[in-house]
Peer 1: 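A single structure is presented below for examination.
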Amino acid sequence: MNAGIDSFMEGLRSRTPGEAEFHQAVLEVVETVWDVYDANPRYKQAKILERMVEPERTIMFRVPWTNDRGEVEINRGYRVEFNSALGPYKGGLRFHRSVTLSILKFLGFEQTFKNSLTTLPMGGGKGGSDFSAKGRSDNEIMRFCQSFMTELFRHIGPNTDVPAGDIGVGGREIGYLFGQYKRIRNEFTGVLTGKGLGWGGSLIRPEATGYGAVYFVQHMLKEMGQEVQGKTFSVSGFGNVAWGAISKINELGGKVVTVSGPDGYIYDPNGITGKKVDYLLELRESNNDIVAPYAEEFGVQFFPDAKPWEVKVDIALPCATQNELDESDALKLINNGCILVAEVSNMGCTSEAVNCFINHKFAFAPGKAANAGGVAVSGLEMSQNSMRYNWTSEEVDKRLHLIMQDIHDTCTKHGKSGDYINYVKGANVGGFVKVADAMLAQGLV
Ligand code: 2IT
């Protein structure tokens, strides 16, 4: 490794001890943009990278609430307002027991580059809580959301910071959060995205992350002279993102044979189609966080405590959570004849897995490119809210298509060398340059 990168990372690690996921996300970006940084004295003099890794503002707060037994519970709430060079802070809220400051900082940092890639005017942010909906009633979830917003409301706004969903935050939670914001502020504004379709939400937003990822995969396949039709896919997770991806793959004539949960994976060799796809939404709404019931419902095999990456497929799409695919999984996929992996979860692959793909000149897309469709349609929801108007699903889908194509072009422009496209480099450099130039133009803030 280069001495400049070493000392940069050493400085970061000593200022942010214990934030392993954040360090992982930063190192991936720094390694790929270092040449551009080194070659541009204006960036260096302005310490653009050093500023980029320091969130503009980090808010941490107490979230007290009462459970159904009348007991007091305390969770921790966060909002990391990472970078506003390109627009209001924008990014999801994650409610999951694994949430820590490190997780939200890695997500907020990546979000800044992802949002830059969408070409829409959005800065980067992320928030959430260590609250988990597992085993909770709807009333408990509502009380938690109301308490969370009772503090968060003072920090956000349609021109300041616009949260959305992420793991554990879907339409139901956005509804409760929006209701509380509106009550406190007495304002009906586009302060959150992922809203219900009857009250300011955008058509295609629920599908957007999965659809966008599959559009991106189509472009990657096109480079290889291939198409989705006839390909088999393994997908992990069973939430909103997996659901959207599976729906689009089916529409395009591909076949998905796995979904997974924290408990293991199911293998459905006939393909997850029709009512099986709708069943995924039921599973998620049950608040149980397990995938095993799918196997009982449809009489297929369940592999407890295992990951779907051992199944022989053409294309693998991690759609669950960070670091869910490691180097041994990557090697298994490559050796089994897989031709493409696209992260649909954020930082779905470990650094070792990413390096393994790149060293093998394997077609690999990082989350900040492949999964940007979700936040892109959030950006389109903001536009529609500002206009007080709703586009048709065809209109939104057409724009989503164009945005994903644009991101693919950006990755190619900055990542292609010979006949190999390094999508990690392409996405990081493409996302970085735009944010860096905006920061330079806006002075030392
Ligand atoms: O990771 C992501 O891009 C999201 N969770 C969506 C963020 C958003 O603001 O729609």
Side-chain angles (χ1 to χ4, degrees), residues 21 25 78-84 86-96 99 103-129 152 156-158 160-171 173-174 177-178 190-196 200-213 216 237 239-245 318-322 324 342-348 365-385 396 399-400 403-404 407 427 431:
E21 294 84 5
Y78 305 82
R79 187 72 183 164
V80 185
E81 297 183 332
F82 227 105
N83 193 302
S84 62
L86 299 183
Y89 309 106
K90 180 85 196 87
L93 297 170
R94 176 175 291 191
F95 292 170
H96 193 262
V99 162
I103 298 274
L104 296 178
K105 282 179 71 178
F106 112 64
L107 289 164
F109 181 74
E110 290 223 319
Q111 195 83 46
T112 304
F113 301 97
K114 183 197 307 192
N115 294 1
S116 162
L117 286 169
T118 67
T119 70
L120 301 175
M122 301 182 287
K126 203 87 189 188
S129 174
L152 187 69
I156 63 177
T160 306
D161 184 352
V162 184
D166 192 84
I167 294 170
V169 179
E173 290 77 15
I174 292 293
L177 292 163
F178 183 79
V191 66
L192 291 163
T193 59
K195 299 185 290 300
S202 173
L203 285 159
I204 309 289
R205 177 63 189 90
E207 295 86 352
T209 311
Y211 277 23
F216 196 84
N240 165 266
V241 170
W243 166 78
C319 295
T321 193
Q322 67 276 350
E324 54 170 316
E343 283 180 337
V344 195
S345 47
N346 289 309
M347 207 164 78
K368 58 172 85 70
N371 76 26
V375 74
V377 174
S378 277
L380 300 178
E381 183 171 329
M382 290 167 74
S383 308
Q384 294 169 82
N385 292 164
V396 178
R399 289 174 193 265
L400 172 61
I403 290 168
M404 297 315 295
I407 297 174

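Start at 1 and go down the list; that is how both ligands and their atoms are numbered. Count residues from 1 along the sequence.
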Peer 1: So if I apply the side-chain contact (heavy atoms from CB on, under 4.5 Å) rule between Glu21 and each of Asn346, Ile103, Leu104, which one comes out positive?
Peer 2: Ile103
Peer 1: For Asn346, take its heavy atoms, then give the atoms of ligand 1 lying under 4.0 Å from any of them.
Peer 2: 1 (O)
Peer 1: Using a heavy-atom cut-off of under 4.0 Å, does the side chain or the backbone of Lys126 touch ligand 1, or both, or neither?
Peer 2: side chain
Peer 1: With backbone taken as N, CA, C and O and side chain as the heavy atoms from C-beta onward, which portion of Leu107 lies under 4.0 Å from ligand 1: side chain, backbone, both, or neither?
Peer 2: neither
Peer 1: In terms of atom number and element, which parts of ligand 1 are under 4.0 angstrom from non-hydrogen atoms of Lys90?
Peer 2: 8 (C), 9 (O)
Peer 1: Taking atom types as modelled, is there a side-chain donor on Lys114 or Asn371 under 3.5 Å from an acceptor on the other?
Peer 2: yes
Peer 1: Which residue owns the protein heavy atom closest to atom 7 (C) of ligand 1, what's the atom, and how far is it?
Peer 2: Gly92 N, 3.5 Å
Peer 1: Give the atom numbers and elements of ligand 1 that come within less than 4.0 Å of a heavy atom of Ala164.
Peer 2: 8 (C), 9 (O), 10 (O)
Peer 1: Any idea which atoms of ligand 1 are less than 4.0 Å away from a heavy-atom of Gly165?
Peer 2: 4 (C), 5 (N), 6 (C)
Peer 1: Distance check, rounded to the nearest 0.5 Å: Ser129 atom OG versus Leu152 atom CG?
Peer 2: 11.0 Å
Peer 1: With side chain to side chain contact (heavy atoms under 4.5 Å, CB included) as the test, would you mind laying out the steps for Ser345 and Gln322 before giving the verdict?
Peer 2: CA-CA 7 Å; Ser345 47; Gln322 67 276 350; over 6 Å; no
Peer 1: Check Gln111, His96, Arg94 against Asp166 for a side-chain hydrogen bond (donor to acceptor under 3.5 Å, both in side chains) and give me the one that passes.
Peer 2: Arg94
Peer 1: Starting from atom 6 (C) of ligand 1, find the nearest protein heavy-atom neighbour and note its residue, name and distance.
Peer 2: Arg205 NH2, 3.5 Å
Peer 1: Do Thr193 and Arg205 pair up side chain to side chain, a donor and an acceptor below 3.5 Å, judged on atom types alone?
Peer 2: no
Peer 1: Tell me the protein heavy atom at minimum distance from atom 5 (N) of ligand 1, and give that distance in Å.
Peer 2: Asp166 OD1, 2.9 Å
Peer 1: So is Met122 close enough to ligand 1, meaning a heavy atom under 4.0 angstrom away?
Peer 2: no
Peer 1: Using modelled atom types and a 3.5 Å cut-off, is there a donor and acceptor pairing between side-chain atoms of Glu110 and backbone atoms of Leu107?
Peer 2: no
Peer 1: Can you check whether Gly87's main-chain N or O pairs, donor with acceptor, with Lys90's side chain at less than 3.5 Å?
Peer 2: no
Peer 1: By number and element, which atoms of ligand 1 are closer than 4.0 Å to a non-hydrogen atom of Lys114?
Peer 2: 1 (O), 2 (C), 3 (O)
Peer 1: Provide, to 0.1 Å, the distance between atom 10 (O) of ligand 1 and the closest protein heavy atom, together with that atom's residue and name.
Peer 2: Ser378 OG, 2.5 Å
Peer 1: With heavy atoms only and a cut-off of under 4.0 Å, state how Arg94 meets ligand 1: side chain, backbone, both or neither.
Peer 2: neither
Peer 1: So does Leu380 get a backbone contact from the side chain of Gln384, meaning a donor-acceptor N/O pair under 3.5 Å?
Peer 2: yes
